[in-house]
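Below: the structure, in structure tokens.
As the structure lists them, so they are numbered: ligands from 1, and atoms in each ligand from 1.
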Amino acid sequence: MSANIRQSNAVGQFITFEGGEGVGKSTNIEFCRKLLEQHGLEVLVTREPGGTEIAEIIREELLKKTHKERMSDITELLLVFAARAQHIEAVIKPALDRGCWVLCDRFTDSTIAYQGFGRGLKLDLIEQLKMIAQQGIEPNKTFLLDAPVDIGMSRARSRGPADRFEGEQLDFFNRVRQGFLSIAESFPSRVEKINAAQELAAVQRDLNAAINQLLKTS
Ligand code: T5A
């Protein structure tokens, strides 16, 4: 093990995985977990919305398709941030404080893409809620798995029935994808775009290179 890698063990890194439906976030987080564990790092894999008992209850309501009333866009936004506040307080911050690497399936970039670009809510409103919920916690690195919407949707469909978000129209998902791409353009040093339309082995080859680079610099 190199000196650089041992040094990276001292400080927890917060890595987020973002992208549209079915682009391969869960699959590739597990791949990255194994990679980092091979370097002797303590790794915590978690997800949003969710990751704690309370946040998982909020997730269930957010994804459920069977409510008799329509969930308002503002309710959706507040629930996403309520889950995030709990997740940060109970799981993410304590793990980072003890030097753990936290790999999180979705975070605030998803809120900007889905609730901002997708639903059309104001980005400064999202920014205000972010300030309240995140207590200054920001990802050190974000891997944006990007693929055309139809590829992600067909992969997601192969996994089971659609949830409330997956029932949206194509236009919505195209706006979400544009949202993620615009975030990547605005934060080029944090956000690394990975071509998720490639076959899995090629995606993982790219992630392997990116993780090795991260280990050298963190
Ligand atoms: N949401 C979330 C918001 O609206 N606002 C927010 O702030 C947040 C945090 C739930 C929903 O919540 C919304 C967005 C979401 O709609 P989720 O459960 O993370 O979030 O949603 P999904 O993206 O739907 O999760 P999936 O599990 O369906 O997709 P993944 O994790 O991206 O994809 P994965 O790894 O499960 O892969 C899907 C299938 O494709 C295959 C896999 O083997 C699997 O079968 N696959 C590939 N096949 C071929 N080539 C490749 N390169 C492949 N990569 C994966």
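The neighbour count for E37 CD, taken as heavy atoms of other residues, nucleotides or ligands under 6.0 Å away, is above 12. The environment of E89 atom CD is sparse: at most 12 non-hydrogen atoms of other residues, nucleotides or ligands sit within 6.0 angstrom.
Proximity of P49 to I58: side-chain heavy atoms (C-beta onward) are nowhere separated by under 4.5 Å. No side-chain heavy atom of R205 sits less than 4.5 Å from a side-chain heavy atom of E199.
Between the side chains of S110 and E48, no donor N or O sits under 3.5 Å from an acceptor N or O.
Of all atoms in ligand 1, numbered sequentially from 1 with element shown, those under 4.0 Å from a heavy atom of T111 are 6 (C), 7 (O). Listed by number with element, the atoms of ligand 1 under 4.0 Å from a non-hydrogen atom of E48 are 9 (C). The ligand atoms of ligand 1 that sit less than 4.0 angstrom from a heavy atom of G20 are 23 (O). Within ligand 1, the atoms closer than 4.0 Å to a non-hydrogen atom of Q115 are 3 (C), 4 (O), 5 (N), 6 (C), 7 (O), numbered from 1 in the order shown. Of all atoms in ligand 1, numbered sequentially from 1 with element shown, those under 4.0 Å from a heavy atom of E199 are 52 (N). Every atom of ligand 1 with a heavy atom of R59 under 4.0 Å away is listed here by number and element: 17 (P), 18 (O). In the vicinity of P49, heavy-atom distances shorter than 4.0 Å reach the ligand 1 atoms 2 (C), 8 (C), 9 (C), 12 (O). Of all the atoms in ligand 1, the ones that sit under 4.0 Å from a non-hydrogen atom of R84 are 7 (O), 9 (C).
Residues F31 and V23 share a single hydrophobic cluster, defined by chaining ILVMFWY side chains whose heavy atoms lie under 4.5 Å apart. Hydrophobic clustering, with ILVMFWY side chains joined whenever heavy atoms are under 4.5 angstrom apart, groups L35 together with L215. A single hydrophobic cluster is seen to contain both V203 and L214, as judged by linkage of ILVMFWY side chains at heavy-atom distances under 4.5 Å, directly or through other members.
Residue-level proximity to ligand 1 for K25 is carried by backbone and side chain together, each with a heavy atom below 4.0 angstrom. Here L63 has side-chain heavy atoms under 4.0 Å from ligand 1, and that is the only part of it that gets that close.
Protein heavy atom nearest atom 50 (N) of ligand 1, with residue, atom name and distance: R155 NH2, 3.3 Å. Of all protein heavy atoms, the one lying nearest to atom 17 (P) of ligand 1 is R106 NE, 3.5 Å. Counting protein heavy atoms only, atom 24 (O) of ligand 1 is closest to E21 OE1, 2.7 Å. Scanning the protein for heavy atoms near atom 8 (C) of ligand 1, the closest one is S110 CB, 3.6 Å. Ranking protein heavy atoms by distance to atom 43 (O) of ligand 1, first place goes to T27 OG1, 4.0 Å. Here the heavy atom of the protein found nearest to atom 44 (C) of ligand 1 is R159 CD, 3.9 Å.
Looking at G24 next to ligand 1, an N or O pair under 3.5 Å apart turns up. For V23, a nitrogen or oxygen atom sits less than 3.5 Å from a nitrogen or oxygen atom of ligand 1, counting backbone and side chain alike. Ligand 1 has an N or O atom lying under 3.5 Å from an N or O atom of S26, backbone or side chain.
By the 30° and 60° cut-offs, the orientation of the rings of F180 relative to Y114 is perpendicular.
Here the side chain of N140 pairs a donor or acceptor atom with the backbone of F14 at under 3.5 angstrom. A donor-acceptor contact shorter than 3.5 Å links the side chain of R164 to the backbone of L62. A distance-only check finds a donor-acceptor pair linking the side chain of E166 to the backbone of D163 [under 3.5 Å].
The closest approach between any non-hydrogen atom of E166 and ligand 1 is below 4.0 Å.
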